[in-house]
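Below you'll find the structure, written out as structure tokens, and then a few comments.
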Protein chains: 2
Amino acid sequence: METMGDVDQTCGMSLAIDVVGGKWKMHLMWVLAEGPVRFGQIRRKLDGVSEKVLAENLRQLEASGVVHRELYAEVPPRVEYSLTPLGESLSVALKPLEDWGEEHREVLSSRR
Amino acid sequence: METMGDVDQTCGMSLAIDVVGGKWKMHLMWVLAEGPVRFGQIRRKLDGVSEKVLAENLRQLEASGVVHRELYAEVPPRVEYSLTPLGESLSVALKPLEDWGEEHREVLSSRR
DNA sequence: GGGGTTGCTTACGTCGAGGTGAGAAATACG
DNA sequence: CGTATTTCTCACCTCGACGTAAGCAACCCC
């Protein structure tokens, strides 16, 4: 599979998909939008993610500049994830999509 | 891999991702948003899609109720794809994401 | 008859995102 | 000492989305 980025460099949608594409990243943004969360909390909220993939995706979102990772020097370790300003703006842009799903829930789930 | 649908049934985002998840569907919506298009036209616009996958994805979008397929009994065959009202509302919900990518193009492409 | 056009479908192969299970560091506590 | 807690990382494997190449149906034109 090609990376998602080589479709149309001039299209804003491609840039966005590069950031939140994949199975979990949009959900992740959605969880983070509610405020800073710890790794374990996210895990419990997103039923089904493996720790490996969760860590991976968080790093990628961090690399994209939408997520901030704060490690506290405690034992056992505490790591808090939160949205950067860029991330906040992304979650705002994601909201209409969530709303759309919500509004058409019945039609959509009947068509599965 | 699980299907995308089993993450959180109560979340509108999951429903939306079920519809436009994957490599091409969002791009597809974006192309269709400009008006009815023929199969071949879409192919040429989306650089890199194989005919197989394009046909597949169009059928899935049709099954989701966001795309309408109109076959004209001509030779050679002409098939036009367009958005249903539901599809229109989805493309509206997708717009902020496109805008977001557009607005932050520089930051995003530098971070690749 | 042979070539062109359009929109697929089918068979086959690849590749990487994602899942699983184990382990690891560092400390506190009984 | 053994156990628990938390956040990962590593090795390994699966599986399905996607790509490639070919063929097909139907008609037109030369």
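Letters A, B, ... mirror the listed sequences (proteins, then strands); counts begin at 1.
Atoms CG and CD, from L61(A) and E56(A) in turn, are 11.5 Å apart once rounded to the nearest 0.5 Å. Distance check, rounded to the nearest 0.5 Å: CE of M26(A) to CG of L97(A) gives 6.0 Å.
dC18(D) atom P lies 12 Å from atom CE of M26(B), rounded to whole Å. Rounded to whole angstrom, the span from the CG atom of L54(B) across to the C1' atom of dG7(C) amounts to 10 Å. K23(B) places its NZ atom 7 Å from the P atom of dC18(D), with the value rounded to the nearest Å. The separation between E56(A) atom CD and dT7(D) atom C1' is 14 Å, rounded to whole Å. Here dT5(D) presents its P atom at 17 Å from CD of E74(A), a figure rounded to the nearest Å. Rounded to whole angstrom, the span from the CD atom of Q60(B) across to the P atom of dC8(C) amounts to 14 Å. Atom CG in L71(B) sits about 13 Å away from atom P in dC27(D), given to the nearest Å. Counting to the nearest Å, the C1' atom of dT9(C) and the CG atom of L58(B) are 14 Å from each other.
A salt bridge between R105(B) and E102(B) is present, with a side-chain N of the basic residue lying under 4.0 Å from a carboxylate O of the acidic one.
Within a 6.0 Å sphere centred on CZ of R78(B), heavy atoms belonging to other residues, nucleotides or ligands number more than 12.
Side chain K52(A) to base dG19(C): a donor-acceptor pair is found below 3.5 Å.
A donor-acceptor pair under 3.5 Å is absent between the side-chain atoms of S64(B) and the main chain of V19(B), judged by distance alone.
For dC8(D), one of the phosphate oxygens OP1 or OP2 lies less than 4.0 angstrom from a side-chain nitrogen or oxygen of R59(A).
Cluster membership for I42(B) and L71(B), using ILVMFWY side-chain heavy atoms within less than 4.5 angstrom, is shared.
Across all strands shown, Y72(B) has no heavy atoms under 4.0 Å from either base or sugar-phosphate atoms.
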Strictly under 3.5 Å: I want the nitrogen or oxygen pairs between protein and nucleotides 23-30 of chain C, one per line.
none

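Between the side chains of W30(B) and S91(B), no donor-acceptor pair of N or O atoms lies under 3.5 Å. Defined by atom type and a distance below 3.5 Å, a donor-acceptor pair is present between the side-chain atoms of H68(B) and E70(B).
R38(A) is not listed as a side-chain neighbour of V79(A), based on a closest heavy-atom distance of 4.5 Å or more.
Across residues 32-44 of chain A, not one residue has a non-hydrogen atom less than 4.0 Å from an atom of DNA chain C.
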